[in-house]
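Read through the structure below, which is laid out as structure tokens, and then see the notes.
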2 protein chains.
Amino acid sequence: MAKADFSPIADTTRRAEIVALLRRAILTGQLAPGQKLNELRISEQMRVSRAPLREAMRELVQEGILTSIPYAGTFVIEVTAKDIDDAYSFNKVMDELAIERAWPLRDQRFFDEIDRRHEAVKQATRALDTTRQIETALQLHGLIYEWADNSVLLETWQRLTSRLQMYFALHQHARNEPVPAEDVHETYVRLLKGKDMRAAQRHAREHIDLDFEELLAYARGLEQRPSRGA
Amino acid sequence: MAKADFSPIADTTRRAEIVALLRRAILTGQLAPGQKLNELRISEQMRVSRAPLREAMRELVQEGILTSIPYAGTFVIEVTAKDIDDAYSFNKVMDELAIERAWPLRDQRFFDEIDRRHEAVKQATRALDTTRQIETALQLHGLIYEWADNSVLLETWQRLTSRLQMYFALHQHARNEPVPAEDVHETYVRLLKGKDMRAAQRHAREHIDLDFEELLAYARGLEQRPSRGA
DNA sequence: GACAAGCAGATTGTCGACAATCTAACAAGA
DNA sequence: TCTTGTTAGATTGTCGACAATCTGCTTGTC
């Protein structure tokens, strides 16, 4: 019998598609922080009634990238420097934990997968696709969480990822420089494939530091002139 | 001018109340793991239409205590031994982090609050109110997260709390013993008010260990005869 | 008797309309 | 001029009904 390995059928509810669309719009910066989401307008644009749209929005509220005020509206979350700082320092600890847990579970599939994802980042970089670059970089980074074999840890990472992606997209958007052409992940990947766990943890922390420092500087700049959504 | 210090007005949407009702029902074990939530039946019982009910359920799905399968239904999550184990080992690391961050920020308000919450636990214990006992114990435990001054850390704890409360309630329900009358938090509180951070961290870890060990044993027993919801 | 096709019944997903609430503009009075 | 009350418009919250989908049973055929 031929083994088929089917992937799960796609969620065929409008709600699920709406969630995906909205999330993408927010994480790529199409919808700016603070911006209000007008239900009627969006539902008309998507050719969908308000019911599934509202359910989708409720999900994204719980996911932490939208915020809702009864009878006032639902808005894209604002991003403060402290939010970024909190996410940053939390991520540092989580990373160390994830590496520690994933370390003894690394196998050939792990090494294959990390190369595959690294390649995806490099390709997005070559293609000058900044959105995809952020996305793939986070996926590369997420591998240790997927391998750590802890559902709570993984879930926490996935929640955090949404916001990180949003932060980085915002940053990219702002400075409007095309890409950091350099491959900053080379060392990270090499260490994760190596034998020194402590070194991997240390580098993960420092590597993240760099990206975040820029982000923080950017966010602190924002604090001065708070931009209410367009 | 008299300073008033008003707290925010209560959310007065049906949706919010439904969320609270459902969450309580799940966390106290009124709704058993695996049980299906029939929208029509519940909406009729609550005298509410299905729209706000469905939105509420979407929130709880994202909160991680319900799970939804399109066109099949929404169910209370199943609890496996691994789920509990994952939550447990994750919580250990988080606790150390929370204590570390909260430690230098302890002030008089902190000490007052910890006593207040400790008192609440003792009162629930005396009243033989097991549900409230679990609730207050988790609130006592959550103080270090509230004081750690990190929104992501706090949010993560709150998400985890839901599930922990469910686990413990399940456990209590199963063994049906009224209460552990002994005050197990005495040492925890004393250490948090003391000067030795390391000792507090160590105790937090070990104290949690005890409760969890019982839970795990219980959950492993469940694995054998998986109970589909009533 | 085993198995596939097809048919209720029940349940979830979606829709369009109505009710409740908020916002902002304007008018009236101190 | 400032404050307060009113009102119209827009937007969110909620409802009841319809459409799509699933499940289990029945039926018919081999």
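Note on naming: letters A, B, ... go to the chains in the order of the sequence lines (proteins, then strands), and numbering restarts at 1 for each one.
- Residues passing the salt bridge (Lys or Arg N to Asp or Glu O under 4.0 Å) test with B/Arg54 are A/Glu55, B/Glu39, sequence neighbours excluded.
- Residue pairs meeting the salt bridge (Lys or Arg N to Asp or Glu O under 4.0 Å) criterion with at least one member in residues 163-174 of chain B, sequence neighbours excluded, are A/Glu155-B/Arg163.
- Under the rule for a side chain to side chain contact (heavy atoms under 4.5 Å, CB included), the partners of A/Asp112 that lie at least two apart in sequence or sit in another chain are A/Gln108.
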Return all side-chain donor-acceptor pairs below 3.5 angstrom for residues 24-33 of chain A, not counting sequence neighbours, or 'none' if the list is empty.
from	atom 1	to	atom 2	distance (Å)
A/Arg24	NH1	A/Glu135	OE1	3.2
A/Thr28	OG1	A/Arg24	O	2.8
A/Thr28	OG1	A/Ala25	O	3.4

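- In this structure, the ring-ring contact (aromatic ring centres under 6.0 Å, His included) partners of A/Tyr145, at least two apart in sequence or on a different chain, are A/Trp157.
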Legend entry - Letter per nucleotide, 5' to 3', of nucleotides 12-18 of chain C [B base touched, S only sugar-phosphate touched, - untouched; heavy atoms, 4.0 Å]: BBBB-B-
